Amino acid sequence: MKKILTLFAILAGAIGLQAQPAGGFGGFQMPKIDVHCSEKFADIDYAGDGEVYHQLDVYLPRMQKASYPVVVHIYGSAWYSNNSKGMADLGTIVNALLDAGYAVVTPNHRSSADAKFPAQIQDIKGVIRWVRAHAAQYRFDTSFIATSGFSSGGHLSSLAATSGNVPSLEGNVGGNLEFSSRVDAACDWSGPVDLNYMSCGAAEDTWNHAPEEAVMGFSFKGNEERFKALNATNYIDPSDPPVVIFHGTADNVVPHCQGSHFYELLDQAGIRTELYLVDGGGHGFNMYTEYTLRSMTNFMDKVRTEKGGTFVTGTNPVITNAFSADPSAHVFNGRIYLYPSHDIPTVKYQGDQPWFCMSDYHVYSSDDLTHWTDHGNIVDQKDVPWGNPTAYSMWAPDCVEKAGKYYFYFPNAPGRGRGFGFGIGVAVSDTPYGPFKIHENTVQGTGGIDPCVFKDNDGTIYIIWSGMGLRGAKLAANMTEIEGPAVRLDETFPKGQTEGPFMFRRGDKYYLTYPWVRLDGGTETLCYAMADSPLGPYEFKGVFMDESPTECWTNHHSFVEFKGQWYLFYHHNDFSPDFDKNRSVRIDKVSFREDGTIIPVKPTWRGVGYFKASDELNIDRYSECVGAKIDFLDEYNYFAGWKTRFTQPYDRVRFNEVDFGAKAPKSIVFRTKGNGAVLNVTVGAGKPVACKVPASADWTEVVLPAKLGKAVGMQDVTVELVSGSAEVDWISFR
Ligand code: FUB
């Protein structure tokens, strides 16, 4: 930190440092910023000592959730300010985090005039413990707490990450010592992380160390060893959490070698890290672009969701914890395993257009197509030996079992200097859900995108891909190369763009199914051809799913037979209506005619899941709708799902196949709001039950006694408006 920080040092000395705002440099903003929050809690005393330097603000996102993962964002000031929490980075870093669904905590901390190091990091650790201690009160989801910071805030954020197990830096600010001050991830914006390396490794240290001397309380020269205590790099060990680093190449306050140096040391220690050197970026200036801010939130999202989780969705779209596309579904050991690709908010552009952005794969599984487990990240672009670690091109994958091992095939952009276009890689595991070990080379003899791996009844495995047409070949016994020549499969098919092949067998017939754009344009349909042997010759049969009603340009699919029923997995862009490269997997039933041809499939909202009457029935995922309107529940969080708006008499939705079991329920529950309405609920062929739901400005659960006669067994449920108007999130029977 040289010129500007020196200036700060002089100013600070001149005007005294009682509650003095400084605000950071590029991150400095005037207080009148439109902060994208639903609620702000200001000036909370986290240490309980009444000092301004121990206050923090809490911002909750606009999106509605029961709890929010947390980022503690720390202002930059060369450690000179003790009161800049309301002034720095609000319109940039803080808003990006809030928009992505993170609660943001912005603390003050003691300045170098208030106290010497390690007081500053002890304050931050006190804040992290305070977050854990106050989770219920502020709706913090403490399964993920990260730090972020700019300049000296970047230093404190980085130090919080690397010093998770350093008792001498812990302190006891605010108490709460029964809670941990460890963080799950950290973000470093332009931070000085190794003050002994500010001359970037030059033989002579010519750096002006004034700010760090102020915070340490002694001069650098002659005390170089003692200064190491201040460095985030000093404490790196393999147990540290992931860190994402942003630094401008034109930073004349903190040299960008700090970012590269930190990245190298973290990487050597085996810590997940990403470095974004921003070309021409200064100390804050030109640093906060859509690309960098989204790279930060994508990194946080990735770390947070790496391990997966569980969720329930029996309707469409079926994957509700992330974007998902290109679904390849298989039954392994009696369970459905789903291998989709994973769209994320884009940082990638094709020309000027936002584009596919895909950096890893998750695998999902289910016993009933309703309760899903996300097994977490199985293959990541940073780990592919032959790939470009920042290509974001991990397109449609597939998986096949052979002799108790699972082979996962995926396309990716090759690393620089190794050719253009796509390569196809393979990773192997002892289970369908990993861990997968990535083979060091591409699958020899293939080249292109969208590998599909098909195992015939005799155990022979074929690989089919898209690369200047649809091609197929036998896979060699080693599963890492093809055996014999690749065969062009689609030469006789109608012209028009093709990709995404999926092959399956039913009886004695082989099906080659693929997305196809008709010659007169439009978005992708799904169509198919049939043959008597895997590598053809195939006869084109036609389209089995028309162009997407939501104008999602791509579609991509797989067929699987599960418990006696055939299913089609495919994708639309339900959770991203305005950007069709953030897609979502859907499932619908599929049937065949006697001659084996496919009966065209119409996309439904209802999907294929199994529901008991006592479940929350999202009737907005209807089987039939007349007049009623469907809207997103939360305009800031489409993943929250939808609601049904009943506004005119006779507005009606039907939700098929609900299991009422052996005993009729005694009441109907509505999650509803609006002006109040009478809604008729009909179960199967029973009599309509008139339900009077009261007016309510907020979402309320209303339990109404109901005589439901013979509402037993599998029944369809219809809800129809009689009078008034109401919004319904879900209904249920008790
Ligand atoms: O997901 C990226 C690409 O979009 C796939 O590889 C294609 O099949 C299309 O779905």
Side-chain angles (χ1 to χ4, degrees), residues 34-41 44 56-73 93-106 128 130-146 148 183-185 293-294 296-313 315 317-324 343-345 362 371-374 376 574-577 582 584 615-616 618 620-621 630-643 671-673 696-701 727-730 732:
D34 170 28
V35 183
H36 300 177
C37 62
S38 58
E39 275 181 277
K40 176 181 175 181
F41 305 92
I44 298 167
L56 58 77
D57 296 341
V58 173
Y59 299 90
L60 297 185
R62 287 176 176 166
M63 65 174 66
Q64 300 160 22
K65 280 176 129 189
S67 62
Y68 302 95
V70 186
V71 179
V72 174
H73 180 71
I93 300 168
V94 171
N95 272 348
L97 290 164
L98 287 166
D99 289 346
Y102 292 87
V104 183
V105 174
T106 56
I128 298 162
W130 177 91
V131 166
R132 289 203 163 89
H134 292 79
Q137 195 175 345
Y138 295 98
R139 285 188 280 149
F140 296 141
D141 168 2
T142 56
S143 68
F144 184 87
I145 301 176
S148 155
V183 293
D184 299 292
L293 293 171
R294 212 169 248 175
M296 168 185 69
T297 53
N298 279 347
F299 184 86
M300 300 272 182
D301 288 350
K302 190 164 190 156
V303 172
R304 192 166 53 81
T305 60
E306 199 122 71
K307 293 193 189 71
T310 57
F311 56 95
V312 182
T313 336
T315 52
V318 74
I319 302 298
T320 53
N321 71 339
F323 295 117
S324 56
D343 292 335
I344 55 176
H362 283 220
H371 297 84
W372 289 90
T373 299
D374 172 358
D574 301 302
F575 288 131
S576 173
N582 279 173
S584 291
D615 290 334
E616 291 171 9
N618 285 288
D620 48 77
R621 310 294 80 197
I630 309 298
D631 283 336
F632 283 109
L633 267 175
D634 177 357
E635 62 179 308
Y636 299 108
N637 177 18
Y638 289 169
F639 283 102
W642 291 264
K643 62 186 175 189
R671 183 165 195 265
T672 179
K673 69 175 188 179
S696 167
D698 296 321
W699 287 106
T700 352
E701 283 182 34
E727 297 185 355
V728 176
D729 180 9
W730 47 258
S732 182

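Excluded from the calculations below are hydrogen atoms, water molecules and symmetry mates; all remaining heavy atoms, backbone and side chain alike, are included. Predicted model only: the values in this text are computed from it and were never measured. Along the sequence shown, residues are numbered consecutively beginning with 1.
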Minimum heavy-atom separation for [X] to [Y], with atom names?
X: D99; Y: M63; answer: O-CE, 3.6 Å
X: S584; Y: P317; answer: CB-CB, 3.6 Å
X: I344; Y: N298; answer: CD1-ND2, 3.6 Å
X: D184; Y: T142; answer: OD2-O, 4.5 Å
X: F323; Y: S576; answer: CE2-CB, 3.9 Å
X: H36; Y: L98; answer: O-CB, 3.5 Å

When rounded to the nearest 0.5 angstrom, what is the spacing between [atom1] in [X] and [atom2] in [Y]?
X: L633; Y: Q64; atom1: CG; atom2: CD; result: 7.5 Å
X: D374; Y: T305; atom1: CG; atom2: OG1; result: 7.0 Å
X: I93; Y: T106; atom1: CD1; atom2: OG1; result: 12.0 Å
X: L60; Y: Y68; atom1: CG; atom2: OH; result: 6.0 Å
X: T313; Y: N618; atom1: OG1; atom2: CG; result: 9.5 Å
X: E701; Y: S696; atom1: CD; atom2: OG; result: 11.5 Å

Answer yes or no: is there a side-chain heavy-atom contact under 4.5 Å between [X] and [Y]?
X: K643; Y: D631; value: yes
X: H73; Y: Y102; value: no
X: F311; Y: I319; value: yes
X: V58; Y: F140; value: yes
X: T297; Y: P345; value: no
X: L97; Y: Y59; value: no
X: D57; Y: K40; value: yes
X: D574; Y: Y638; value: no

(request) Kindly write out the residues that satisfy ring-ring contact (aromatic ring centres under 6.0 Å, His included) with H134, not counting sequence neighbours, or none if the list is empty. (result)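 With sequence neighbours excluded, H134 shows a ring-ring contact (aromatic ring centres under 6.0 Å, His included) to W130, given in chain and number order.
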(message) Using side-chain hydrogen bond (donor to acceptor under 3.5 Å, both in side chains), reason through S143 and D141 one step at a time and then give a plain yes or no.
(response) CA-CA 6 Å; S143 68; D141 168 2; 2.6 Å; yes
(message) Check whether T310 reaches the backbone of W372 with its side chain - one donor and one acceptor, N or O, closer than 3.5 Å.
(response) no
(request) Please work out which of the three classes, parallel, tilted or perpendicular, describes the rings of F575 and W642, given edges at 30° and 60°. (result)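 The arrangement is parallel - the two ring planes meet at less than 30°.
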(request) Could you walk me through whether Y138 and V105 pass the side-chain contact (heavy atoms from CB on, under 4.5 Å) test, one step at a time? (result) CA-CA 10 Å; Y138 295 98; V105 174; over 6 Å; no
(message) Between R62 and D34, is the salt bridge (charged side-chain N to carboxylate O under 4.0 Å, His left out) condition met? List the steps.
(response) CA-CA 12 Å; R62 287 176 176 166; D34 170 28; 3.3 Å; yes
